[in-house]
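All chains are named by letter (A, B, ...) in the order of the sequence lines, taking the proteins before the strands, and each is independently numbered beginning at 1. Predicted, not measured: the structure shown is a model, and the values here were computed from it.
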Amino acid sequence: MSVRTRFAPSPTGYLHIGGVRTALFNWLFARQHDGQFLLRVDDTDQQRNVESALAPILHGFRWLGLDWDEGPEVGGDRGPYYQSQRSELYQAAVEQLLASGAAYRDFATTEELQAERDAAKEAGKSFVYSRRWAAETDADAQRFAAEGRAGVVRLKMPREGELVINDLIRGEVRVAWASEQDHVIQRADGSCLYHLATVVDDHAMGITHVIRAEEHLPNTPRQVFIMQSLGYELPAFAHLPYVAEPGSKNKLSKRKLDKYLKNREFAALVQHGESIAARMNLTVDTDVFNPVIVDFYEQIGFLPDALLNYLLLLGWSLDGEREEFTREEMIELFSLERVNRAPASFDPQKLLAFQDRAMQQLPAKQKTARCVPYLQAAGLVATPPDCDTGPQLTKILAAAGDRVKMAGDVLDYDDFFRADDQLQYDDKAFEKRLVKPPAAAELLRKFAERLAAVDPFDAATVEAALKSFVEAEGIKIGDIIHALRVATTGKAVGFGMFETLEILGRDRAVNRIQLALAKLPPA
RNA sequence: GGCCCCGUCGUCUAGCGGUCUAGGACUCCGGCCUUUCACGCCGGCAACACGGGUUCGAGUCCCGUCGGGGUCACCA
């Protein structure tokens, strides 16, 4: 039998990083076994705008390259893949459960139930529903209904014995049936609840391995009860630990951004992202522009493979030594047996390290292609790009090397794409390197003259020219190079000065020096 | 509080009774390189929660304690 796994997001409007890891493990497991990975939309609850709330999630999956064999937009022969469109199946299951006595109609009001709960608490005992308002017969049901009561359908859970779950990650988990409640599976309005729906769908869709986050572990007994009552074969279960907050063991949550911002590394990541967004004149929706949400990484130019590689290691390891895996290697080497049982904290720094490494290994051509859209978004490059943009950018990226850690970082080199008279100067650097040193202006003026005669105008020749200039003037290289950098790029930092000048070209370099000198206050 | 899960450096982890004076990675701290920044290189700090067993021998097995977390809906 072919392996079939699924990821069942509810349409929330964003893709959570923890969810992606769960999806990744499901995907890897399915791919490794030449099985199918499906996406199913768990929208049994509310939903208007399911489409718009689902779009970002599907977009995230596509960006990451986690393809699904069946599900929204791709179809499949076990559809529909939206739970809101599968009510008849649930209804049939409810009726079967009712008929076999595994479920009953219950007419208790919320208040009555609460009273029982309170009483149990008062008595220091755990709550066990009396089933007082359970309708054993149709006549009972009619009588209750006549009283104006609304009926729901509850599971008639066993109250003796225990359930043993053989979890692929956790091993044997034993739960006493007595600790379970008679969970509601169908509301008074006829709509069905998640537990019923997920079980019915997993069965109907032929899911063989339920790989999900551990917060579902406590839900498993009731689901197993439904499966058994319906005569379904049980799938294999694998409960993954959840992804925890940076530096804590609490579950990572989208809503606690403010709290995470107090974490230095996390805050640094956010700021880095914000600075990139700002340079693209992008007004960010702080609700989504958040390292807990996958979209964040796409926006600032992360490599999907780097994110995936990091996430893979968050809870799984091959041997404790090897950390880099290509997609193919992940598929080949992944195993549920080696998934850790304890929750793992999300570490922005380590994620960055993976991204950094992946970016360094990215072929120049691809790097260029990934950076172009950022320059376009910032209005620095035309759409489509002029024909000299590509070669120019490739040179810049080669010179920048590993300074460009994510595609959005290319905006650090915006000065190459601005007209000379549009250069923006870092005020502090301008002051420190050009205004303050008494000799700076004169040195720059003299060197500009030398520069105008350099031929060929390449890094090596420019370097030789500067070295001989420095020698002739009897100064240290540091006495002029900083001023030169600020004058030609407007910035205090950047990659190699000689590469910078070569890329700029003679005319622009000289022109920029003149413009900077002109901005200087009269001596 | 009930039920369940978990517990090796700050973080991610290796370790499946002896090869562990506990290994790797990220971070951090020194040093080197150097025109700034980044990279790189060299070196360093840093952990088996605790207590009992079992055993010739325990990070590794068992029990307990403590600690952390998840979950207890007519949410998913």
Side-chain angles (χ1 to χ4, degrees), chain A residues 8-12 42-46 83 106 108 110 113 120-121 124-127 150-154 165 167 169-171 173-176 178-181 183-189 191-195 197-198 213-221 239 241-242 244 246-251 264-265 310 313-324 338 340-354 356-357 360 400-405 409 412 429 433 463 466 470 476-486 489 491-498 500:
Chain A
S10 51
T12 50
D42 275 18
D43 56 351
T44 50
D45 200 17
Q46 47 21 96
Q83 294 195 321
D106 183 62
T110 314
L113 241 26
K121 199 172 180 185
K125 288 193 285 195
S126 56
F127 167 62
V152 300
V153 176
R154 283 183 191 279
I165 300 163
D167 191 278
I169 292 171
R170 272 148 225 286
V173 177
R174 293 168 177 276
V175 185
S179 64
E180 287 291 311
Q181 300 296 324
H183 306 281
V184 172
I185 53 173
Q186 186 173 43
R187 300 185 182 91
D189 68 3
S191 61
C192 289
L193 263 37
Y194 165 77
H195 298 292
T198 197
E214 75 174 299
E215 47 262 42
H216 288 284
L217 191 50
N219 299 333
T220 309
H239 287 95
Y242 57 88
S248 124
K249 286 301 177 204
N250 291 27
K251 194 167 76 170
R264 265 184 66 187
E265 290 76 35
Y310 170 71
L313 272 297
L314 200 58
W316 178 86
S317 72
L318 180 69
D319 55 12
E321 301 282 326
R322 185 166 163 198
E323 294 204 319
E324 284 184 72
R338 290 197 61 83
N340 225 56
R341 282 193 283 267
S345 303
F346 175 73
D347 180 354
Q349 298 248 42
K350 188 138 188 177
L351 203 208
L352 231 32
F354 274 89
D356 196 357
R357 197 155 46 186
Q360 287 184 34
D402 39 44
R403 291 171 182 81
V404 176
K405 300 188 187 305
D409 285 343
D412 284 344
R433 301 300 190 183
E463 179 171 2
L466 184 82
V470 160
K476 283 179 296 185
I477 196 163
D479 294 334
I480 182 170
I481 208 157
H482 300 295
L484 189 55
R485 182 182 300 282
V486 176
T489 68
K491 297 181 170 69
V493 298
F495 51 75
M497 194 64 244
F498 310 117
T500 299

Measure CD/A:Glu214 against C1'/B:C3 and give the value in whole Å, please.
14 Å

Grab the NE2-P distance between A:His482 and B:U34 for me, whole Å please.
14 Å

How many Å lie between CZ on A:Arg187 and P on B:C74, as a whole number?
10 Å

Quick one: does any side-chain atom of A:Arg485 pair with a main-chain N or O of A:Gly496 as donor and acceptor, under 3.5 Å?
no

Can you figure out which of B:A76, B:G70, B:U36 approaches the side chain of A:Tyr194 most closely?
B:A76

Write down the protein N/O and nucleotide N/O pairs, taken from nucleotides 10-13 of chain B, whose separation is under 3.5 Å; answer none if there are no such pairs.
unit_1, atom_1, unit_2, atom_2, d
B:C12, OP1, A:Lys249, NZ, 2.9
B:C12, OP1, A:Ser345, N, 2.9
B:C12, OP1, A:Ser345, OG, 3.4
B:C12, O2', A:Leu313, O, 2.8
B:U13, OP1, A:Gly315, N, 2.8
B:U13, O3', A:Ser317, OG, 3.2

Need one value for A:Arg322: base, sugar-phosphate or nothing, where a base atom within 4.0 Å counts as base even if backbone is also close, heavy atoms only.
nothing

Nearest to side-chain heavy atoms of A:Tyr242, which nucleotide of B:G69, B:U36, B:C39:
B:G69

Can you name the closest pair of heavy atoms from A:Ser248 and A:Ser345 and give their distance?
O-OG, 2.9 Å

Ignoring hydrogens and angles, are the base of B:C37 and the side chain of A:Arg403 linked by a donor-acceptor pair under 3.5 Å?
yes

Quick check on RNA chain B: between A:Ala108 and A:Ala400, whose nearest nucleotide comes earlier from the 5' end?
A:Ala400

Determine the Euclidean distance between corresponding C1' atoms of B:U71 and B:C16; express it in Å to zero decimal places.
30 Å

Can you tell me the distance, in whole Å, between the CG atom of A:Asp402 and the P atom of B:C37?
14 Å

Quick check: do A:Arg341 and A:Ile169 have side-chain heavy atoms less than 4.5 Å from each other?
yes

Would you mind reading off the distance between A:Glu265 atom CD and B:U27 atom C1', rounded to a whole angstrom?
7 Å

Remember a base hit wins even if backbone is also touched, and classify A:Lys491 as base, sugar-phosphate or nothing at under 4.0 Å, heavy atoms.
nothing

Which is true for A:Gly478 with a 4.0 Å heavy-atom rule: it touches a base, it touches only sugar-phosphate, or it touches nothing?
nothing

Which part of the nucleic acid, if any, lies within contact of A:Lys121, taking any heavy atom under 4.0 Å across all strands shown: a base, the sugar-phosphate backbone alone, or nothing?
nothing

For A:Val152, report the nucleic acid contact type (base, sugar-phosphate, nothing); a contact means any heavy atom under 4.0 Å.
base

Does the ring of A:His216 meet both stacking tests against the six-membered base ring of B:A76: centre distance under 5.5 Å and plane angle under 30°?
yes

Using the C1' atom as the reference point in each nucleotide, state the distance between B:A46 and B:G10 in Å, no decimals.
9 Å

Please report the distance separating the C1' of B:C9 from the corresponding atom of B:G24, rounded so that it comes out in whole Å.
12 Å

Identified pairing partner of B:C16, criterion: Watson-Crick or G-U wobble below 3.5 Å
none

Using the side-chain heavy atoms of A:Ser179, tell me which of these nucleotides is nearest: B:A76, B:U27, B:C3.
B:C3

What contact category does A:Val173 fall into here, base, sugar-phosphate, or nothing, at under 4.0 angstrom with non-hydrogen atoms?
sugar-phosphate

Just by modelled atom types, is the A:Pro348 backbone N or O under 3.5 Å from a matching donor or acceptor in the A:Tyr310 side chain?
no

If you compare every side-chain N and O of A:Arg170 against the phosphate oxygens of B:C5 (OP1, OP2), does one of them come in below 4.0 Å?
no

Taking all non-hydrogen atoms of both residues, which atom of A:Ala120 and which atom of A:Phe127 are closest, and how far apart?
CB-CA, 3.8 Å

NA contact type, A:His183, heavy-atom cut-off 4.0 Å: base, sugar-phosphate, or nothing?
nothing

Counting only side-chain N and O atoms of A:Arg264, is one of them less than 4.0 Å from OP1 or OP2 of B:U27?
no

Does B:U60 have a Watson-Crick or wobble mate here (both distances under 3.5 Å), and if so which one?
none

Please compare A:Gly496 and A:Ile169 by the position of their nearest nucleotide in RNA chain B and report the one closer to 5'.
A:Ile169

Same-atom distance (P) from B:U13 to B:A76, integer angstrom:
31 Å

Give the rounded distance in Å between these two atoms: CG of A:Asn250 and C1' of B:G69.
7 Å

Atom CG of A:Leu193 and atom CD of A:Gln83: how far apart are they, to the nearest 0.5 Å?
10.5 Å

Tell me which nucleotide among B:C74, B:G70, B:C26 gets nearest to the side chain of A:Val184.
B:C74

Pairwise C1' distance for B:U60 and B:U8, with rounding to whole Å:
11 Å

Let's test this: given Watson-Crick or G-U wobble pairing with both distances under 3.5 Å, identify the partner of B:A49.
B:U65

Looking at the side chain of A:Ile477, which of B:A76, B:U35, B:C4 is the nearest nucleotide?
B:U35

It should be established whether A:Lys125 places a side-chain nitrogen or oxygen under 4.0 Å from OP1 or OP2 of nucleotide B:G2.
no

How many Å lie between CG on A:Leu217 and P on B:C72, as a whole number?
12 Å

Need the pair for B:C3. Rule: Watson-Crick or G-U wobble, both distances under 3.5 Å, any strand; none if unpaired.
B:G70

Can you tell me the pairing partner of B:C33 across any strand shown, Watson-Crick or G-U wobble, with both distances under 3.5 angstrom?
none

Nearest-Å distance, CD (A:Gln181) to C1' (B:C3)?
10 Å

